[in-house]
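Only one structure is covered here, and it is reproduced in the block below.
Residue numbers start from 1 in every chain, and the chains themselves are labelled A, B, ... in the order their sequence lines are given, proteins ahead of strands.
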Amino acid sequence: MPPSTEGGAYCFLHRSIRREATNYNKILINNLMSSYNPDKIESKWQQYWQSNKTFKTPESHDKPKYYVLDMFPYPSGSGLHVGHPEGYTATDILARYKRMNGFNVLHPIGWDAFGLPAEQYAVKTGTHPRDTTEKNINRFREQLQSLGFSYDWDREVNTTDPDYYKWTQWIFLKLYEKGLAYEDDVPVNWCPELGTVLANEEVIDGKSEVGGYPVIKKPMRQWVLKITEYADRLLEGLDELDWPQSTKEMQRNWIGKSIGAEIDFAVAAANASEHIKVFTTRPDTIFGATYMVLAPEHDLVNRITSDDQREAVEEYKQQAAQKSDLERTELSKEKTGVFTGAYAVNPASGEKIPVWVADYVLATYGTGAIMAVPGQDERDWEFAEKFDLPIIRTVEPPEDFVGKAYTGEGKAINSDFLNGLGVDEAKTEIIAWLEEHGAGKKAVNYKLRDWLFSRQRYWGEPFPIIHVDGEPKPLDEEHLPVTLPEVEDFEPTEDGDPPLARAEKWVKTTDPETGKPAVRETNTMPQWAGSCWYYLRYCSPDFEGGPVDFDEEKYWMPVDMYVGGAEHSVLHLLYARFWHKVLYDCGVVSTKEPFQRLVHQGMILGEMEFTGYKKDGEWISADLAEGVSGTERIKLQDERVEKKGDHFVVAGTDCMVDAKAHKMSKSRGNVVNPDDIVEQYGADSMRLYEMFMGPLEQVKPWSTKDVDGVFRFLNRVWRLMIDEDTGELNDTVIETDPSGEQLKVLHECIQKVTGDVDDLSFNTAISAMMIFINEAYKWDNHPKSVLQSFMKLLSPFAPHIAEELWQKLGNEESIAYADWPELNEEYLVSDTQMYPIQVNGKVRGEIYVPRDKAKDKEYVLAEAKSVENVAKYLDKGKLVKEIFVPERIVNLVVQ
RNA sequence: GCCCGAGUGGCGGAAUUGGUAGACGCGUCGGACUUAAAAUCCGAUUGGUAUCUAAAUACCAGUGCCGGUUCGAGUCCGGCCUCGGGUACCA
């Protein structure tokens with residue numbers, strides 16, 4: 001994935017309890033030798049898993065499969081931050097859980113390793129991006145392994161590996177073959193000061209993110225992928241996916257399908273052969289079209305502008321061209337435009353209407369021209385009002401309607417043969433009429449643009465394209481991969497050509513087919529390319545006959561669970577779906593959609609911060625401080641703040657403070673480094689805490705002191721079983737038949753954990769395990785069978801401690817493939833049933849009834865009424881109704 | 001502006017179909033153990049009122065705000081407010 005916010009080094013002052021303890025006397029140290037020691041057991045089991053290849057993906061297809069995937073990371077220089085392990089822990093729990101439930105699990109990881117930071121570092125230091133990338137990957141791998149994730153490391157993929165990008169290039173050739181890749185002159189973000197092209201994300205307010213230099217649009221020859229051809233299929237495919245509604249909605253909006261009509265308006269000027277084609281979703285309002293607008297970039301502008309208006313139009317075009325996209329929208333409150341001097345004929349009414357140029361019409365959407373219907377369009381109304389153009393309502397607004405343009409439902413008026421029809425009927429009617437008169441037809445439009453697929457960068461996949469006689473020509477498959485050439489300098493050339501142009505020997509080549517001189521394509525692919533299909537490579541990472549072995553794809557795909565950040569809701573997920581559908585059409589894959597279920601983990605924010613404001617040395621309220629000059633922001637410790645009403649105030653005052661958890665960022669200095677947490681508490685605590693914080697998909701503030709809670713829990717688990725003096729099992733851990741109570745507690749835990757893991761409610765699953773341990777501490781014996789079952793429940797969450805204790809309980813095999821405990825509902829039933837007794841909906845008492853009477857309405861009601869505190873209410877009034885919900889509640893209604 | 005999501009103790013959160021609001025954890029307070037500290041263990045912890053004190057019990061209010069449906073609403077319906085995310089002249 002493209003780099004997101006990166007973490008920096010952050011040093012924790014909070015020191016480990018275990019570490020501190022080492023300064024104390026010998027006895028203590030001896031004890032510590034047998035106390036819970038994550039350092040020791042975690043490295044032991046990580047080595048065990050690795051040397052035994054415990055998590056090697058099964059080769060056979062004999063069991064049901066489960067493919068659980070993380071969005072692979074961009075290996076940045078700052079290493080993992082605490083956001084990464086959140087999703088990774090969730091998927092790891094699922095992977096381990098499914099293995100124990102008899103699934104063949106594919107749980108891989110890899111590196112989205114092309115990208116800008118390594119290249120920028122190369123520009124600055126001359127270090128080859130390959131070296132930077134390799135170093136970063138090694139760091140990431142180590143960090144991931146230190147968290148005990150059960151990835152199959154034999155299936156690791158790396159987008160920068162020529163053996164991988166060979167197939168990225170191969171897929172590009174398929175796109176080219178199918179006519180889905182073409183060259184076009186496209187305006188790009190060109191920064192003259194930096195002498196480079198910038199990605200949209202690198203341009204902020206029309207200036208370069210780095211240096212703040214102006215950025216202009218400059219047309220350049222670019223590769224473009226025809227994703228628009230798949231717009232409909234990308235839209236329809238969404239329906240069957242188990243994805244967050246909001247993400248599907250965002251993709252739908254992005255594709256932006258709208259159904260309407262294309263209508264031709266004849267130009268009523270001297271040279272009357274011209275037509276203006278418009279797209280509209282409201283053809284029913286055509287009788288209200290009182291003028292037309294062309295985008296400033298529209299081809300027809302020059303041809304139809306009258307001589308006396310030419311100067312004004314030219315000037316307007318100039319102005320519009322200089323505006324950045326942002327300026328255009330920023331100034332949107334005030335509409336601008338110029339009359340062309342030309343008129344067109346409304347094909348429905350036969351009226352002559354003026355044609356204007358205005359930048360509120362976008363050249364890139366629809367036909368770049370509109371029929372303006374101020375009566376039913378707010379923008380048109382605004383424009384018409386400003387330039388005093390006629391307004392005709394063609395839909396009758398409701399009587400109580402107050403406002404300008406009316407865009408709602410209603411009967412057609414002022415519309416000749418459409419009068420009286422509703423909006424939908426009128427649309428159908430007018431489209432038929434237009435088609436009949438050759439003036440228009442039904443049409444569909446999309447917001448989705450074709451995908452600009454080339455970058456003027458070094459660190460990306462080279463295109464498998466040469467140019468012969470100025471024409472692009474694809475290379476044959478046998479010439480793949482086209483590997484990146486070595487260059488001295490990673491910056492663009494002085495002419496603005498991409499860095500690859502510096503590799504002259506590489507660029508100048510010959511056409512292998514004809515022997516003619518040829519030049520190689522010097523653009524590279526964008527970072528999205530590698531991430532568009534990596535999930536397929538995992539199915540058969542060493543396959544040499546194509547991007548993926550069809551049989552493996554057929555078994556493993558689609559991805560059953562895909563977890564990653566919501567920031568990839570549109571682009572990555574849409575591009576990957578697009579490629580997947582193309583590969584489906586090529587017969588490379590058997591599935592129409594790659595990711596069946598998708599979940600976004602919520603962002604982890606920094607620790608809660610309190611900020612107070614002072615002016616002239618006095619506290620002032622935060623809500624008053626904004627915009628007041630000379631205020632001073634002061635970060636406050638927790639104890640200097642107290643809650644008053646709905647908000648927090650500086651202790652002892654009425655001055656409000658800002659209480660907020662902020663996004664982690666280097667500049668704010670609130671980045672938490674997972675390494676520090678692992679060092680202090682161990683990987684199991686880290687995993688457990690990240691899952692215990694709250695629901696996976698929710699945004700949550702980090703709180704290091706809360707890690708103590710899960711760390712204590714693991715200590716309690718350890719001590720329940722292990723005698724700290726001997727390091728052996730406690731005397732209470734014995735081979736014996738569990739009591740009914742013990743079975744009840746265990747099976748309640750089994751039920752809760754199993755259900756919660758299925759629902760991804762990891763936080764409540766952990767809470768259920770805590771309850772189990774709290775209960776188990778009350779027992780004077782601990783049957784091994786019960787503890788074994790509990791260790792299985794714990795193992796997906798805290799695998800190291802689970803393996804260690806599993807072994808201490810006498811098991812020789814890893815717990816990773818132990819059978820998940822089976823729920824026996826019989827054990828859940830207690831001897832008595834408790835009923836809360838309400839009077840008029842308020843709880844006034846509770847009763848316990850024997851199990852065999854639990855559903856006996858007469859009995860329960862009689863018992864209920866005999867409760868002293870209930871009876872006193874019954875005495876006061878008349879019992880009018882009795883509500884009895886079996887095994888739930890009793891409510892007595894008294895008047 | 002539009003589209004999504006969320007508002008529950010001092011804090012993170014729980015309550016999966018309308019059925020005892022605050023599980024579990026953090027923090028805080030009190031106690032036990034200890035020469036002492038740490039660790040550990042036990043108890044209390046939404047606010048208020050009443051019963052002489054304590055224990056205990058009872059009652060009232062309480063899930064962003066206002067209203068509704070229901071025997072019963074954190075949960076359902078209508079109208080707002082606040083925060084977060086996305087998107088923005090898309091005809």
Per [X] side chain, nearest of listed nucleotides [options]:
| X | options | result |
| --- | --- | --- |
| F692(A) | G27(B), G13(B), C24(B) | C24(B) |
| S767(A) | A91(B), G10(B), C24(B) | C24(B) |
| K705(A) | G86(B), C26(B), G25(B) | C26(B) |
| N774(A) | G19(B), U40(B), G25(B) | G25(B) |
| R844(A) | G86(B), G10(B), C59(B) | C59(B) |
| M608(A) | A91(B), C11(B), C24(B) | C11(B) |
| D359(A) | A23(B), C89(B), C60(B) | C89(B) |
| Y873(A) | C59(B), C11(B), G13(B) | C59(B) |
| K881(A) | A58(B), G13(B), C71(B) | C71(B) |
| Q698(A) | G13(B), A91(B), C24(B) | G13(B) |

So does [Y] get a backbone contact from the side chain of [X], meaning a donor-acceptor N/O pair under 3.5 Å?
| X | Y | result |
| --- | --- | --- |
| Y291(A) | D380(A) | yes |
| N891(A) | E882(A) | no |
| N869(A) | R844(A) | yes |

Atom pair distance, as rounded to whole Å: [atom1] in [X] and [atom2] in [N]:
| X | N | atom1 | atom2 | result |
| --- | --- | --- | --- | --- |
| E868(A) | U57(B) | CD | C1' | 11 Å |
| Q838(A) | G72(B) | CD | P | 10 Å |
| N715(A) | A39(B) | CG | C1' | 9 Å |
| D284(A) | A91(B) | CG | P | 14 Å |
| Q245(A) | C4(B) | CD | P | 10 Å |
| H298(A) | A91(B) | NE2 | C1' | 13 Å |
| Y446(A) | A91(B) | OH | P | 13 Å |
| L892(A) | G72(B) | CG | C1' | 12 Å |

Exercise. Who are the salt bridge (Lys or Arg N to Asp or Glu O under 4.0 Å) partners of D759(A), not counting sequence neighbours?
Worked result: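 With sequence neighbours excluded, D759(A) shows a salt bridge (Lys or Arg N to Asp or Glu O under 4.0 Å) to no residue whatsoever.
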For this session: Using a 4.5 Å cut-off on heavy atoms from C-beta on, say whether the side chain of L234(A) contacts that of Y446(A).
Result: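 When only atoms from C-beta onward are counted, L234(A) and Y446(A) do not touch, as no gap falls below 4.5 Å.
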For this session: Not counting sequence neighbours, which residues clear side-chain contact (heavy atoms from CB on, under 4.5 Å) with S703(A)? List them please.
Result: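 Only E607(A), Y689(A), K705(A), D706(A) meet the side-chain contact (heavy atoms from CB on, under 4.5 Å) criterion with S703(A).
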Hey, does [X] reach any base, or is it just sugar-phosphate, or nothing, if we go heavy atoms under 4.0 Å?
| X | value |
| --- | --- |
| T280(A) | sugar-phosphate |
| K257(A) | nothing |
| I883(A) | base |
| V885(A) | base |
| K778(A) | nothing |
| N891(A) | base |
| T364(A) | nothing |
| S246(A) | sugar-phosphate |
| N445(A) | nothing |
| D756(A) | base |
| P244(A) | nothing |

Is the shortest side-chain N/O distance from [X] to OP1 or OP2 of [N] below 4.0 Å?
| X | N | result |
| --- | --- | --- |
| K752(A) | A23(B) | no |
| N763(A) | A14(B) | yes |
| R716(A) | C41(B) | yes |
| R888(A) | G18(B) | no |

For this session: Report yes or no: is there a donor-acceptor pair, N or O only, under 3.5 Å between the side chain of K447(A) and the base of U87(B)?
Result: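 No, the side chain and the base share no sub-3.5 Å donor-acceptor pair.
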Problem set entry | Under-3.5 Å donor-acceptor pair between E249(A) side chain and G86(B) base |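 Result: no qualifying N/O pair found.
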Exercise. Given the side-chain rings of Y835(A) and F884(A), with only the six-membered ring counted for Trp, is the space between their centroids under 6.0 Å?
Worked result: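 Here the rings of F884(A) and Y835(A) have centres that are less than 6.0 Å from each other.
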Exercise. Out of Q601(A), K700(A), R687(A), which residue meets the side-chain hydrogen bond (donor to acceptor under 3.5 Å, both in side chains) rule with E86(A)?
Worked result: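 The side-chain hydrogen bond (donor to acceptor under 3.5 Å, both in side chains) with E86(A) is passed solely by K700(A) among Q601(A), K700(A), R687(A).
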Problem set entry | From CG (N715(A)) to CD1 (I722(A)), nearest 0.5 Å |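 The CG atom of N715(A) sits 12.5 Å away from the CD1 atom of I722(A).
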Problem set entry | K855(A) atom NZ, neighbour heavy-atom count above 12 within 6.0 Å |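 Atom NZ in K855(A) is not crowded, with 12 or fewer foreign heavy atoms closer than 6.0 Å.
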Mind checking the [atom1] distance from [N] to [M]? Whole angstroms is fine.
| N | M | atom1 | value |
| --- | --- | --- | --- |
| U46(B) | A21(B) | C1' | 10 Å |
| G5(B) | G64(B) | C1' | 16 Å |
| A37(B) | G43(B) | C1' | 22 Å |
| G22(B) | G62(B) | P | 16 Å |
| C77(B) | U70(B) | P | 16 Å |
| G10(B) | G19(B) | P | 25 Å |
| U69(B) | G9(B) | C1' | 29 Å |
| A23(B) | U8(B) | P | 16 Å |

For this session: Select from E378(A) and M693(A) the residue whose nearest nucleotide in RNA chain B is closer to the 5' end of that strand.
Result: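 Residue closer to the 5' terminus by nearest nucleotide: E378(A).
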Problem set entry | Comparing W254(A) and G366(A) on RNA chain B - which has the more 5′ nearest nucleotide |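 Taking each residue's closest nucleotide, the earlier one in sequence belongs to W254(A).
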Seminar exercise, completed: Parsed dot-bracket for RNA chain B after applying the Watson-Crick and G-U rules with both distances under 3.5 Å and | for other-strand partners is (((((((..(((......[....)))((((((.......))))))((((((....))))))..(((((..]....))))))))))))....
For this session: For G9(B), measure the glycosidic angle (O4'-C1'-N9-C4 for a purine, O4'-C1'-N1-C2 for a pyrimidine) and name it syn if it falls within 90° of 0, otherwise anti.
Result: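 Because its glycosidic torsion lies within 90° of 0, G9(B) adopts the syn conformation.
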Problem set entry | Cation over ring face, R716(A) and Y777(A), 6.0 Å, 45° |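 Judged by the rule (NZ or CZ under 6.0 Å from the ring centre, within 45° of its axis), R716(A) counts as positioned above Y777(A).
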For this session: Please name the pair of heavy atoms, one in V395(A) and one in Q376(A), separated by the smallest distance, quoted to 0.1 Å.
Result: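 What the structure gives for the nearest pair is N-OE1, 3.2 Å.
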